[in-house]
Amino acid sequence: MIYTTLLNIAVFQGIILGLVILKSSLFNSNSNKYLAYLLFSLSIVLLNYVFELEGVFTSYPVLRFIDDIEWVFLLPVFIFLFIINRIDNTVKDKQKHYLYYIPFAYSSIVSITYDLSNVAGLFKIPDSSIFIINILRLLQLLFAVIIILFLPLYSYFMIRHLKDPQEKKWVITLLTLIYLVLLVWLTTYMTGVFLGVDISSTMSVLALCATFIMHWTAYVGIYKYKLAKNKDAIYHLLNNDAALLYPHLPMVQDNTPQEYKESITADNLYFQKLELLCKDEHIYTDSTLNREKVAEKLGISAGYLSQIVNTITGDNFAHYINQYRVEAVKEMISNSEYENYTLLTMGLESGFTSKTTFYNSFKKVTGQTPNEYKNTIK
């Protein structure tokens with residue numbers, strides 16, 4: 001009773017946490033969505049195990065279709081895609097992501113075809129074809145070995161492209177936990193298939209380990225700022241998402257004064273990364289730079305990026321970037337190496353796309369036109 005309750009809590013937590021990641025601007029990004037898919041898949045695996053323990057498949061044989069699909073094949077795929085989407089585009093663009101779904105797709109087709117015959121009774125697989133079915137099952141097992149053993153190892157190889165040491169440490173830990181569980185599961189499963197020994201006790205322990213991964217991801221990955229920096233922001237987010245998911249539940253009245261309600265502060269991890277991108281990598285010199293490009297680099301949504309910049313600086317994203325461009329032009333004007341450059345050339349070199357945008361932004365930031373500023377420093 002207690003054991004299945006723990007599993008049910010983990011299933012519920014995985015689904016809710018996955019929805020929070022997908023729905024909220026605080027967490028939602030192209031990489032984090034795969035973390036949500038990972039939690040959903042892990043929840044389905046645990047739910048199937050609960051159904052097995054409670055005899056649900058005996059009472060409702062049609063649910064065997066869900067159980068016989070090897071959802072576990074998706075776990076190494078989603079953790080890999082979570083990692084690959086957090087690194088730079090040059091590495092990411094080389095990946096053919098659809099290939100990683102082939103083992104899951106193949107396994108699903110074989111399992112569903114078999115269940116349509118043995119469970120649903122829609123047709124009968126002739127006895128002469130049993131040999132072919134066994135061959136297909138062996139290929140399915142081969143796919144399991146390939147995807148579970150080698151894709152996590154490839155993921156370790158790709159982690160080296162992550163630039164943030166704290167993020168790298170957290171992702172390595174998550175990958176290691178999942179890899180160990182998958183490795184033990186594969187070994188146990190093959191032992192049961194080929195040696196015919198009872199593997200139920202080992203599977204029970206593995207299910208508990210999966211619940212630990214779920215709780216650990218929620219606490220360390222979310223609450224302890226690895227996916228989002230500020231704990232207060234997450235608290236308000238979860239309250240807001242709870243209101244969306246369960247509108248009939250009463251929410252606690254917030255009596256906090258308005259000046260203390262804002263949870264995004266200057267030490268926000270993503271804002272610090274943005275500052276480094278501007279100061280060290282000079283991303284503002286890219287004339288095609290926009291919110292979406294920067295948000296992708298940071299691993300967050302464009303909406304949350306705007307919220308961060310607006311809250312901390314009081315300016316919109318475009319003005320924030322243009323301030324760096326204006327400062328770059330001012331440095332060029334003061335540097336004798338650029339004395340042969342025209343003011344417009346300096347502006348274009350700094351990332352402005354036109355003379356009008358350059359002059360308007362310069363005047364807005366400094367209160368002077370570029371010509372007036374150049375004359376004042378002579």
Could you go through the ring-ring contact (aromatic ring centres under 6.0 Å, His included) check for Tyr324 and Tyr320 one step at a time?
CA-CA 7 Å; Tyr324 277 101; Tyr320 171 80; 5.4 Å; yes

Would Ser204 and Ser201 count as a side-chain hydrogen bond (donor to acceptor under 3.5 Å, both in side chains) if you check the C-alpha gap in whole Å, the side-chain angles of each, and the deciding distance to 0.1 Å?
CA-CA 5 Å; Ser204 298; Ser201 58; over 6 Å; no

Derivation of the side-chain contact (heavy atoms from CB on, under 4.5 Å) call for Ile283 and Cys278:
CA-CA 5 Å; Ile283 60 170; Cys278 290; 4.1 Å; yes

When you look at Asn32 and Leu22, which way does the side-chain contact (heavy atoms from CB on, under 4.5 Å) test go after all the steps?
CA-CA 8 Å; Asn32 287 345; Leu22 290 178; over 6 Å; no

Take Ile102 and Leu99 through the test side-chain contact (heavy atoms from CB on, under 4.5 Å) and record every step on the way to the result.
CA-CA 6 Å; Ile102 291 177; Leu99 295 176; 3.8 Å; yes

When you look at Thr345 and Thr342, which way does the side-chain hydrogen bond (donor to acceptor under 3.5 Å, both in side chains) test go after all the steps?
CA-CA 5 Å; Thr345 301; Thr342 65; 2.7 Å; yes

Step-by-step side-chain contact (heavy atoms from CB on, under 4.5 Å) determination, Ile159 to Lys168
CA-CA 7 Å; Ile159 285 177; Lys168 185 181 294 186; 3.5 Å; yes

Given the rule in the ring-ring contact (aromatic ring centres under 6.0 Å, His included) test, do Phe352 and Phe358 qualify, once you have shown the distances and angles that lead to the verdict?
CA-CA 6 Å; Phe352 288 107; Phe358 168 41; 5.3 Å; yes

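You'll find the side chain of Val197 reaches within 4.5 Å of the side chain of Ile199, heavy atoms only. Using a 4.5 Å heavy-atom threshold, the side chains of Ile213 and Leu177 count as touching. Contact annotation: the side chain of Val56 never approaches that of Val50 to less than 4.5 Å [non-hydrogen atoms, C-beta and beyond]. By the 4.5 Å heavy-atom criterion applied to side chains, Asn375 and Gln368 are not counted as neighbours. Two residues are said to be in side-chain contact when any heavy atoms from C-beta on lie closer than 4.5 Å; Val77 and Leu38 fail this criterion. Between Leu276 and Glu281 there is no side-chain heavy-atom pair separated by less than 4.5 Å. Side-chain contact between Ile9 and Phe12: absent, with no pair of heavy atoms (C-beta onward) separated by less than 4.5 Å. Looking only at side-chain heavy atoms (C-beta outward), Ile300 and Ile308 come within less than 4.5 Å of each other.
Environment of OH in Tyr189: sparse, with no more than 12 heavy atoms of neighbouring residues, nucleotides or ligands closer than 6.0 Å. Crowding of Tyr359 atom OH: a count of heavy atoms from other residues, nucleotides or ligands under 6.0 Å exceeding 12. Around the NZ atom of Lys293, the shell of radius 6.0 Å holds more than 12 heavy atoms that belong to other residues, nucleotides or ligands.
Remark: Asn322 CG to Tyr284 OH distance equals 12.0 Å, nearest 0.5 Å. To the nearest 0.5 Å, atom CD1 of residue Ile333 and atom CD of residue Glu339 are 13.0 Å apart. Separating the OH atom in Tyr106 from the CG atom in Leu142 is a distance of 9.0 Å, to the nearest 0.5 Å. Of the inter-residue distances, the one linking Asn360 atom CG with Thr369 atom OG1 reads 11.0 Å to the nearest 0.5 angstrom. Between Thr366 atom OG1 and Glu327 atom CD the span is 9.0 Å, to the nearest 0.5 Å. Once rounded to the nearest 0.5 Å, the distance linking CG of Leu63 with CZ of Phe57 reads 6.5 Å.
Comment: Glu292 does not engage Lys297 in a salt bridge, judged by the lack of any side-chain N to carboxylate O separation of less than 4.0 angstrom.
Closest approach of Phe78 and Ser41 over heavy atoms only: CE1-OG, 3.2 Å. The minimum heavy-atom distance between Thr176 and Ile172, with the atom names listed, is OG1-O, 2.7 Å. Minimum heavy-atom separation, Ser111 to Asp68: OG-O, 3.0 Å. Across all non-hydrogen atoms, the minimal contact from Thr353 to Ser287 is CG2-O, 3.4 Å. Closest approach of Leu186 and Val145 over heavy atoms only: CD2-CA, 3.9 Å. Residues Asn85 and Glu296 share a closest heavy-atom pair of O-OE2, 4.1 Å.
When atom types are taken as modelled, the side chain of Asn268 and the backbone of Phe271 share a donor-acceptor pair closer than 3.5 angstrom. In this structure, Ser350 contributes its side chain and Met346 its backbone to a donor-acceptor pair below 3.5 Å. Using a distance-only test at 3.5 Å, with no hydrogens or angles considered, a donor-acceptor pair links the side chain of Thr285 to the main chain of His282. At distances below 3.5 Å, not a single donor-acceptor pair connects side-chain atoms of Asn310 with backbone N or O atoms of Ser306.
In this pair, Tyr270 and Tyr304 present their aromatic rings perpendicular. The plane angle is above 60°, beyond the 30 to 60° band. Relative ring orientation between Tyr338 and Tyr341 is described as perpendicular, the plane-to-plane angle rising above 60° on a 0-90° scale split at 30° and 60°.
Neither Leu138 nor Ile132 shares a network with the other; the hydrophobic side chains, linked directly or stepwise wherever heavy atoms of I, L, V, M, F, W or Y lie under 4.5 Å apart, form separate groups for each. Criterion: ILVMFWY side-chain heavy atoms under 4.5 Å apart, direct or through other members. Under it, Trp185 and Ile146 are part of a common hydrophobic cluster. Note on Tyr3: it clusters hydrophobically with Phe51, by side-chain heavy-atom contacts below 4.5 Å among ILVMFWY residues. Hydrophobic clustering (ILVMFWY, side-chain heavy atoms < 4.5 Å, transitive): Leu7 and Val205 are in distinct clusters. Note: the hydrophobic cluster containing Tyr49 does not contain Leu180 (ILVMFWY, side chain heavy atoms under 4.5 Å, direct or indirect links).
Donor-acceptor pairing under 3.5 Å is recorded for the side chains of Thr357 and Ser354.
With a 6.0 Å cutoff to the six-membered ring centre and a 45° limit on the axis angle, Arg325 does not count as a cation-pi contact of Phe362. A cation-pi arrangement is not found for Lys33 relative to Tyr37, the charged atom failing to lie both closer than 6.0 Å to the ring centre and inside a 45° cone about the ring normal.
Taking the six-membered ring for Trp and the full ring otherwise, His319 and Phe317 have centroids separated by 6.0 Å or more.
Among the candidates Tyr34, Phe157, Tyr154, Tyr179, the single residue satisfying the ring pair (Phe, Tyr, Trp, His ring centres under 6.0 Å) test with Phe80 is Tyr154.
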